[in-house]
Amino acid sequence: MEMTGGSCRFGLWYVHVWWKDDTVYQVRFSPEPLDGPVHPGIVRFLAGKTGDLSYLHSVATEPDHQYSDIYRRVRDIPYGKTSTYGEIAALVGTSPRLVGLAMKRNPTPLVVPCHRVVSVAGIGGFSPSVDIKEALLAMEKKNKLRLIQ
DNA sequence: AACGTACACTTAT
DNA sequence: ATAAGTGTACGTT
């Protein structure tokens with residue numbers, strides 16, 4: 001498969017995106033830039049100009065993926081809202097810890113908005129840094145009224 | 001603080 | 001191939 005990769009800024013971080021057309025293969029956060037283009041929809045999302053990434057296809061939700069059930073539920077969480085590991089677990093009939101594991105292994109953050117899954121006790125985890133999760137949630141909170149999908 | 005949970009992964013049989 | 005040991009971006013008591 002012939003995909004292109006590139007990065008754009010989000011705060012102090014670079015967001016690496018590997019994609020082709022409207023299919024996204026990998027998204028990850030890095031302190032280092034990667035030369036190349038990012039899907040314009042993701043650029044707009046990170047700039048707070050849209051909350052709608054529903055037209056993007058992620059490899060994470062393909063039926064053969066180990067956690068596709070979990071990732072599909074997570075995609076249903078609306079912009080500016082959050083759910084918990086336990087709520088997602090109840091929807092698919094598994095344990096909160098497995099949901100946490102699936103989030104850690106999410107190949108396409110943003111497209112599968114794992115940042116909207118928090119713990120009952122606090123914000124939960126995010127790699128490589130929970131700062132990114134906090135920033136994404138703050139951005140969505142700020143923009144949600146303006147960006148009603 | 002300890003335990004329960006539902007796995008996944010590694011290492012040892 | 002199977003089993004045991006260890007680890008998880010959690011939740012409940």
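Chain A is the first sequence line, chain B the second, and so forth, proteins listed ahead of strands; every chain is numbered from 1. What you see is a predicted model; the values in this text were computed from it and never measured.
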**Q.** Within 45° cone of Tyr14(A) ring axis and under 6.0 Å: Arg9(A) NZ or CZ
**A.** yes
So, do [X] and [Y] sit near enough that their side-chain heavy atoms are less than 4.5 Å apart?
| X | Y | result |
| --- | --- | --- |
| Tyr71(A) | Arg105(A) | yes |
| Met103(A) | Tyr67(A) | no |
| Leu46(A) | Leu110(A) | yes |
| Thr4(A) | Lys20(A) | no |

Within this structure, what is the [atom1]-to-[atom2] distance between [X] and [N], rounded to whole angstrom?
| X | N | atom1 | atom2 | value |
| --- | --- | --- | --- | --- |
| Tyr67(A) | dA8(B) | OH | C1' | 6 Å |
| Arg28(A) | dA9(C) | CZ | C1' | 18 Å |
| Gln66(A) | dT8(C) | CD | P | 17 Å |
| Phe29(A) | dA9(C) | CZ | P | 17 Å |

Answer yes or no: is there a donor N or O on one side and an acceptor on the other, between the side chain of [X] and the main chain of [Y], under 3.5 Å?
| X | Y | answer |
| --- | --- | --- |
| Arg72(A) | Ala60(A) | no |
| Ser7(A) | Val38(A) | no |
| Lys133(A) | Arg116(A) | no |

Q.
Among residues 86-95 of chain A, which ones have heavy-atom contacts with DNA chain C below 4.0 Å?
A. Gly86(A)
Q: Taking only heavy atoms on the protein side, list every residue of residues 119-135 of chain A lying under 4.0 Å from any atom of DNA chain C, sorted numerically.
A: Ser119(A), Val120(A), Gly125(A), Phe126(A), Ser127(A)
Q) Looking only at side chains, do Asp21(A) and Thr23(A) share a donor and an acceptor under 3.5 Å apart? A) no
Q.
Reading DNA chain B from 5' onward, which residue's closest nucleotide shows up sooner: Leu101(A) or Pro96(A)?
A. Pro96(A)
Q. Hey, what's the ring geometry for Phe45(A) with Tyr79(A), parallel, tilted or perpendicular (30° and 60° as the breaks)?
A. perpendicular
Q. What nucleotide, of dA9(C), dG11(C), dC9(B), holds the atom closest to the side chain of Arg105(A)?
A. dC9(B)
Q. Taking the side chain of Leu98(A) as its heavy atoms from C-beta onward, which of dC7(B), dG11(C), dT8(C) lies nearest to it?
A. dC7(B)
(Q) Output the pairing pattern of DNA chain C as a dot-bracket string, 5' first, Watson-Crick or G-U wobble with both distances under 3.5 Å, | for cross-strand pairs, [ ] for crossing pairs. (A) ||||||||.||||
(Q) Looking at Arg73(A) and Glu87(A), is any side-chain nitrogen of the basic one under 4.0 Å from a carboxylate oxygen of the acidic one? (A) no
